[in-house]
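Okay, structure first, notes after.
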Amino acid sequence: EDQVTQSPEALRLQEGESSSLNCSYTVSGLRGLFWYRQDPGKGPEFLFTLYSAGEEKEKERLKATLTKKESFLHITAPKPEDSATYLCAVHPRGGNTPLVFGKGTRLSVIA
Amino acid sequence: DSGVTQTPKHLITATGQRVTLRCSPRSGDLSVYWYQQSLDQGLQFLIQYYNGEERAKGNILERFSAQQFPDLHSELNLSSLELGDSALYFCASSPMTDGYTFGSGTRLTVV
């Protein structure tokens with residue numbers, strides 16, 4: 001069964017304190033791994049897609065990396081506006097399989 | 001604005017009732033996905049339609065059904081509602097099978 005586990009469940013950082021969020025996955029074959037940001041009461045907002053081990057993508061203070069078993073979302077010098085829930089999802093190979101999401105990491109950045 | 005439109009934004013109804021949630025996908029996207037998000041479960045896949053045809057089904061209850069119309073908008077019908085059906089319901093669309101774009105969701109409260 002395809003599975004995504006995100007850790008930690010919640011993370012509280014001081015403004016400027018860099019950290020990483022983890023996404024571990026089990027999938028029969030990986031078509032792609034996605035990171036989304038979700039603000040309270042809103043829909044997930046697309047951040048990155050990663051397709052193969054060793055791939056990295058960056059956007060402002062965020063950098064996503066991928067290995068064969070996990071992905072990391074690195075947050076450098078975060079600001080309060082980075083506070084949100086970050087969701088990881090895998091897209092398994094084969095057939096019409098939809099994205100499988102983890103439960104997310106709730107990030108709070110304190111000024 | 002993501003381009004995926006969901007109505008209504010909020011819905012409050014009584015147990016045993018039936019409701020219809022509506023989704024208009026991004027212009028040009030043929031696939032529509034429905035997800036349910038509750039506090040402790042994360043995003044759970046319900047059902048996918050592609051150009052009017054059902055393509056994949058998740059853990060969707062028999063009390064729930066969906067369809068996609070010729071103009072590509074989709075409706076999710078929830079009947080015999082129970083308290084446990086209270087959740088956020090999201091629609092997402094994609095041009096093929098990668099890169100979902102989510103709507104802002106419908107918050108359903110069953111009382």
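Below, chain A is the first sequence line, B the second, and so on; all start at residue 1. Because the structure is predicted, anything quoted here is derived from the model rather than measured.
- Note: the hydrophobic cluster containing B/Tyr89 also contains B/Leu11 (ILVMFWY, side chain heavy atoms under 4.5 Å, direct or indirect links).
- When the side chains of ILVMFWY residues are joined at heavy-atom separations under 4.5 Å, either directly or via intervening members, B/Tyr35 and B/Leu61 end up in two distinct hydrophobic clusters.
- Within 6.0 Å of CG on B/Leu39 lie no more than 12 heavy atoms contributed by other residues, nucleotides or ligands.
- Taking the side chain as every heavy atom from C-beta outward, A/Phe46 and B/Ser2 never approach each other to under 4.5 Å.
- Within 6.0 Å of atom CZ in B/Arg63, more than 12 heavy atoms from other residues, nucleotides or ligands are found, so the atom counts as buried in its surroundings.
- Closest heavy-atom contact between B/Phe102 and A/Pro44: CB-O, 3.5 Å.
- Residues from residues 101-111 of chain A that place a non-hydrogen atom less than 4.5 Å from a non-hydrogen atom of chain B comprise A/Phe101, A/Lys103, given in numerical order.
- Residue-environment remark: CD (B/Glu53) stays at or below the threshold of 12 foreign heavy atoms within 6.0 Å.
- When the shell of 6.0 Å around NZ of A/Lys79 is examined, it contains 12 or fewer heavy atoms from other residues, nucleotides or ligands.
- Side-chain contact check for B/Tyr100 versus A/Leu99: some heavy-atom pair is nearer than 4.5 Å.
- Remark: B/Arg107 CZ is loosely packed, at most 12 non-hydrogen atoms of other residues, nucleotides or ligands lying under 6.0 Å away.
- For B/Ile12, the CD1 atom is loosely surrounded, since the number of other residues' heavy atoms within 6.0 Å does not exceed 12.
- Heavy atoms from other residues, nucleotides or ligands lying under 6.0 Å from CG of B/Asn59 number 12 at most.
- To the nearest 0.5 Å, atoms OG (B/Ser94) and NE2 (A/His91) are separated by 8.0 Å.
- B/Thr101 contributes atom OG1, which lies 6.5 Å from atom OH of A/Tyr36 (distance to the nearest 0.5 angstrom).
- Across B/Phe90 and A/Gln38, no two heavy atoms sit closer than the pair CZ-NE2, 3.5 Å.
- For chain A, no part of B/Gln6 is nearby; none of its heavy atoms comes within less than 4.5 Å.
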